[in-house]
Trainee: 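First the structure, then my questions, so here it is.
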Amino acid sequence: MHVPKNVLTINTILSAAGYQCYIVGGAVRNDVAGIPPTDYDLATDATPSEIQRIFHRTVPTGIDHGTVTILLGGEQYEITTFRTESTYSDSRHPDRVEFSSSIEEDLSRRDFSMNALAWNISDARLIDLYDGVKAIRAGRIVAIGMPEERFAEDPLRILRACRFSAQLGFVIEDKTRQAAAGLCGSLTGISSERVRDEFNKLITGEYCAQGLFLLRDLGILPHILPELHRCTGVFQKGSHSFDVFEHSVYSCEGAEQSDLVLRLAALFHDLGKPASVKEAEDGTLSFHRHEILGAEITENLMYRLKYPKQTIREVLHPIRQHMFNYTDEWTDAAVRRFLARVGKDHIEKLFMLRRADAYGLDRRPLPLNYLSVLQRRIEEVLAEENALSLKDLKVNGRDLMDLGLPSGPLLGVILDQLLETVLDDPGMNSREKLLPLAGNLYEELRSRDS
């Protein structure tokens with residue numbers, strides 16, 4: 001295993017002070033799997049206070065659980081004292097944490113055999129007490145010891161198993177899978193933040209569809225994402241090959257892997273369909289305004305899982321707008337209205353969602369010219385620098401008040417109508433034309449209300 005220079009330095013310092021140091025967890029697992037490690041978690045028999053005494057620059061990241069972050073060479077390395085843990089009364093934290101001098105005892109408390117590997121830096125030796133290498137090479141996720149005990153200690157491990165499957169493409173071994181399905185109801189006691197963080201890693205995994213189907217097949221969805229669970233068995237007919245849940249999963253798969261916002265939008269974009277489905281006498285199904293209802297459902301879901309407000313806004317916008325139906329009959333004014341409604345800064349994300357949505361119909365590669373005509377027309381409109389929002393108008397609210405119009409809601413209505421006029425005819429965007437029009441609109445609206 002290749003060991004970075006800074007990690008070698010940490011090991012040298014600890015060894016000189018009489019302590020052990022091992023690389024543990026994901027770095028070792030990934031190395032065995034042929035995946036380049038991106039970060040290195042360390043384990044030692046030195047206590048947190050001893051680590052802080054030995055190293056000049058540290059951060060007490062999780063001092064209560066034995067974790068300290070060492071700052072070295074512009075990098076950060078988490079190092080945790082060997083631990084042995086008792087029962088988990090709250091299904092999250094051990095009732096007490098006791099430090100150990102044994103790497104073997106530390107490895108015994110971990111979740112899956114593939115994560116219970118340790119690399120002895122001093123003698124370049126791999127410690128594998130639970131056939132972790134065998135599990136990795138077989139592509140299997142195997143709980144250490146009794147799976148029921150591991151999942152009872154921390155139910156989040158059930159979700160972690162699905163997340164590792166989504167990231168690595170591994171399957172869950174039968175006994176581990178059965179225990180996960182039997183205990184998945186205990187996930188309701190896990191904090192929203194912990195569920196959210198695991199879920200984010202799952203849907204941005206290379207094999208996200210595999211992980212999402214595990215959530216369904218193990219019975220996890222009703223406990224963490226009932227909104228998505230309600231999409232199962234809702235069929236769509238027409239050009240769709242899958243039910244709403246399957247379509248949503250494959251849309252997520254078709255979205256850019258590294259783009260969390262896009263993958264969330266792709267997975268949640270049709271959440272409004274189960275509640276909006278209508279069947280006509282001829283058997284035709286419709287989902288009128290499901291995008292609006294879906295955005296509301298998504299907003300509630302994301303607030304429940306404690307997503308940042310900015311992330312929620314970025315996910316909701318393309319969901320609300322994804323049902324546009326472009327045809328060659330669109331006029332230039334229609335293209336300008338589309339741009340005004342969506343916002344030029346959001347077009348790219350919306351098109352990415354539509355491509356993912358189209359991929360989710362049948363998992364076929366999209367034609368190279370998909371949406372290219374509309375994209376070209378949008379570029380032409382943008383090149384003309386026409387007004388697309390209120391801030392682009394040559395007049396504003398202050399100009400209208402200087403004209404004698406009173407402030408208030410009516411002023412906003414008039415500005416909106418001025419923008420509509422300019423979207424229809426960009427040549428109208430001048431003070432000389434808009435100010436008289438604003439006066440006429442005011443008189444018309446006032447007489448209508450009187």
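Residue indices begin at 1 and follow the sequence shown.
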Trainee: Taking D154 first and then R194, would you say they form a salt bridge - that is, a charged N and a carboxylate O separated by under 4.0 Å?
Mentor: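 Between R194 and D154 there is a salt bridge, with a charged N closer than 4.0 Å to a carboxylate O.
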Trainee: Could you tell me if the side chain of R377 sits less than 4.5 Å from the side chain of Y326, heavy atoms only?
Mentor: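 Contact flag for Y326/R377 side chains = yes.
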Trainee: When you measure from the side chain of R163 to the backbone of K201, do you find a donor-acceptor pair of N or O atoms at a distance under 3.5 Å?
Mentor: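 Not a single qualifying donor-acceptor pair exists.
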Trainee: Assess whether atom CZ of R289 is packed by more than 12 heavy atoms of other residues, nucleotides or ligands within 6.0 Å.
Mentor: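 Incorrect, the count does not exceed 12.
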Trainee: Establish, from distance only, whether the side-chain atoms of S389 and D392 form a donor-acceptor pair under 3.5 Å.
Mentor: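 D392 and S389 do have a side-chain donor-acceptor pair below 3.5 Å.
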Trainee: Do H247 and H269 pair up side chain to side chain, a donor and an acceptor below 3.5 Å, judged on atom types alone?
Mentor: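 H269 and H247 do have a side-chain donor-acceptor pair below 3.5 Å.
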Trainee: Take T67 and T80 through the side-chain hydrogen bond (donor to acceptor under 3.5 Å, both in side chains) test and state the conclusion after the steps.
Mentor: CA-CA 4 Å; T67 301; T80 303; 2.9 Å; yes
Trainee: Between the main-chain N or O of A266 and the side-chain N or O of H322, is there a donor-acceptor pair closer than 3.5 Å?
Mentor: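 The answer is no, because no donor-acceptor pair under 3.5 Å joins these two groups.
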Trainee: When you compare the side chains of S372 and Q375, does any donor N or O come within less than 3.5 Å of an acceptor on the partner?
Mentor: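 Checked: S372/Q375 side chains show no N/O donor-acceptor pair below 3.5 Å.
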Trainee: Is a donor on one side and an acceptor on the other found under 3.5 Å between the side chain of R150 and the backbone of I144?
Mentor: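 Yes; at least one donor-acceptor contact below 3.5 Å.
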Trainee: side-chain contact (heavy atoms from CB on, under 4.5 Å) for F170 and M114? Distances and angles first, verdict last.
Mentor: CA-CA 11 Å; F170 288 9; M114 64 181 185; 3.9 Å; yes
Trainee: Do F213 and Y250 have ring centroids that are under 6.0 Å from one another?
Mentor: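 When the ring centroids of Y250 and F213 are compared, they turn out to be within the sub-6.0 Å range.
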Trainee: Taking all atoms of both residues into account, what is the closest heavy-atom pair of A265 and P318, and its distance?
Mentor: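 In this case the closest contact between A265 and P318 is CB-CG, 4.2 Å.
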Trainee: Kindly say whether N386 contributes a backbone atom to a donor-acceptor pair with the side chain of E384 at under 3.5 angstrom?
Mentor: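 It does not hold such a pair.
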Trainee: Keeping the roles fixed (side chain from E198, backbone from V195), state whether a donor-acceptor pair exists under 3.5 Å.
Mentor: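 Pair absent, no side-chain N/O of E198 close to backbone of V195.
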Trainee: State the CD-CG distance between E379 and L374, to the nearest 0.5 angstrom.
Mentor: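 So the gap between those two atoms works out to 10.0 Å.
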Trainee: What's the spacing between C252 SG and D357 CG if we round to 0.5 Å?
Mentor: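 Reported value, rounded in 0.5 Å steps: 12.5 Å.
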Trainee: Look at R363 together with E253 and state whether they make a salt bridge at an N to O cut-off of under 4.0 Å.
Mentor: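 Salt bridge between R363 and E253, a charged N being under 4.0 Å from a carboxylate O: yes.
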Trainee: Can you tell me if Q310 has over 12 outside heavy atoms packed within less than 6.0 Å of its CD?
Mentor: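 Above 12, so yes.
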Trainee: Verify, without hydrogens or angle tests, whether Q210 (side chain) and G169 (backbone) share a donor-acceptor contact under 3.5 angstrom.
Mentor: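 Looks like yes, one N/O pair under 3.5 Å.
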Trainee: Looking at every heavy atom in both P60 and Q52, which two are closest together, and how far apart are they?
Mentor: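 Taking every non-hydrogen atom into account, CB-NE2, 4.0 Å.
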Trainee: Passes side-chain contact (heavy atoms from CB on, under 4.5 Å), S108 versus Y130? Steps please.
Mentor: CA-CA 9 Å; S108 70; Y130 302 98; 3.1 Å; yes
Trainee: Filter on salt bridge (charged side-chain N to carboxylate O under 4.0 Å, His left out), then keep only pairs touching residues 291-318, sequence neighbours left out; what's left?
Mentor: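 The answer is E193-K306, E227-R304.
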Trainee: Tell me, with the steps shown, if Y40 and N6 meet side-chain hydrogen bond (donor to acceptor under 3.5 Å, both in side chains).
Mentor: CA-CA 10 Å; Y40 293 81; N6 286 342; over 6 Å; no
Trainee: Could you verify whether a donor N or O on one side chain and an acceptor N or O on the other, from Q257 and R263, lie under 3.5 Å apart?
Mentor: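 Looking only at side-chain atoms, R263 and Q257 do not form any donor-acceptor pair under 3.5 Å.
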Trainee: For atom NE2 of H346, decide whether the heavy atoms of other residues, nucleotides or ligands shown that lie under 6.0 angstrom number more than 12.
Mentor: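 Above 12, so yes.
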Trainee: List the steps and the verdict of side-chain contact (heavy atoms from CB on, under 4.5 Å) for L264 and I203.
Mentor: CA-CA 8 Å; L264 286 167; I203 66 169; 3.4 Å; yes
Trainee: Just by distance, no angles: are the side chains of Q20 and Y22 close enough, under 3.5 Å, to form a donor-acceptor pair?
Mentor: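 Q20 vs Y22: donor-acceptor pair found between side chains.
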Trainee: Would you indicate whether the side-chain heavy atoms of R341 and Q321 approach each other to under 4.5 Å?
Mentor: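 Answer yes - side chains close enough.
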Trainee: How many angstroms lie between atom SG of C21 and atom CD1 of I13, to the nearest 0.5 angstrom?
Mentor: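 If we round to the nearest 0.5 Å, C21:SG and I13:CD1 are 10.0 Å apart.
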Trainee: Is any NZ, NE, NH1 or NH2 atom of the basic residue among R157 and E153 found under 4.0 Å from an Asp or Glu carboxylate oxygen of the other?
Mentor: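 Result for this pair is yes, salt bridge flagged.
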Trainee: Are any side-chain N or O atoms of S251 and backbone N or O atoms of V249, one a donor and one an acceptor, separated by less than 3.5 Å?
Mentor: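 Absent.
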Trainee: Hydrogens and angles aside, do R29 and N115 bring a side-chain donor and acceptor to less than 3.5 Å of each other?
Mentor: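 R29 vs N115: donor-acceptor pair found between side chains.
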Trainee: Is the backbone of G272 close enough, under 3.5 Å, to the side chain of S276 for a donor and an acceptor to pair up by distance?
Mentor: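 Yes, the answer is positive, given that a donor and an acceptor are paired below the 3.5 Å cut-off.
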Trainee: For the CD atom on E348, are there more than 12 heavy atoms of other groups (residues, nucleotides or ligands in this structure) within a distance under 6.0 Å?
Mentor: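 No, the 6.0 Å shell around CD holds no more than 12 heavy atoms from other groups.
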Trainee: Does the pair D174/R177 count as a salt bridge with the N-to-O cut at 4.0 Å?
Mentor: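 Not counted as a salt bridge, because no side-chain N and carboxylate O are separated by less than 4.0 Å.
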Trainee: Among side-chain atoms of S100 and S102, is any donor-acceptor pair under 3.5 angstrom?
Mentor: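 On atom types as modelled, these side chains do not qualify, holding no pair under 3.5 Å.
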Trainee: Does this structure show an ion pair linking K134 with D128, if we count only N-O contacts that are shorter than 4.0 Å?
Mentor: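 No, no charged N to carboxylate O under 4.0 Å.
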Trainee: Rounded to the nearest 0.5 Å, what separation is found between the CG atom of L183 and the CD atom of Q178?
Mentor: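 Spacing of CG (L183) from CD (Q178) equals 11.5 Å.
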Trainee: Which value, rounded to the nearest 0.5 Å, describes the distance between L129 atom CG and L107 atom CG?
Mentor: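 If we round to the nearest 0.5 Å, L129:CG and L107:CG are 5.5 Å apart.
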Trainee: Less than 4.0 Å between a side-chain N and a carboxylate O, is that true for K349 and D345?
Mentor: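 Salt bridge absent between D345 and K349.
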Trainee: Please walk me through it: do F151 and L156 pass side-chain contact (heavy atoms from CB on, under 4.5 Å)?
Mentor: CA-CA 7 Å; F151 293 143; L156 190 71; over 6 Å; no
Trainee: For the residue pair F112 and F164, categorise the inter-ring angle as parallel (less than 30°), tilted (30 to 60°) or perpendicular (more than 60°).
Mentor: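 F112 and F164: perpendicular rings.
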Trainee: Regarding Q167 and Y207, is there a side-chain donor-to-acceptor distance under 3.5 Å anywhere?
Mentor: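 No.
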Trainee: Keeping D243 on the side-chain end and G233 on the backbone end, is there a donor-acceptor pair under 3.5 Å?
Mentor: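 Yes.
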Trainee: Tell me yes or no: between the side chains of E98 and T84, is some donor less than 3.5 Å from an acceptor?
Mentor: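 Their side chains do not contain a donor-acceptor pair, so the 3.5 Å distance test is not met.
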Trainee: To the closest 0.5 Å, what do you measure between OG1 (T81) and CG (L42)?
Mentor: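 Between T81 OG1 and L42 CG, I get 11.5 Å after rounding to 0.5 Å.
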Trainee: For T176 and I172, indicate whether the former's side chain and the latter's backbone hold a donor-acceptor pair under 3.5 Å.
Mentor: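 Judged by distance alone, no pair lies under 3.5 Å.
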Trainee: On a heavy-atom basis, which atom in L388 and which in A340 lie closest, and how many Å separate them?
Mentor: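 L388 and A340 have their closest heavy atoms at O-CB, 3.1 Å.
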Trainee: Can you confirm if the aromatic rings of F338 and F324 lie within a centre distance of less than 6.0 Å?
Mentor: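 Distance test on ring centres: under 6.0 Å, yes.
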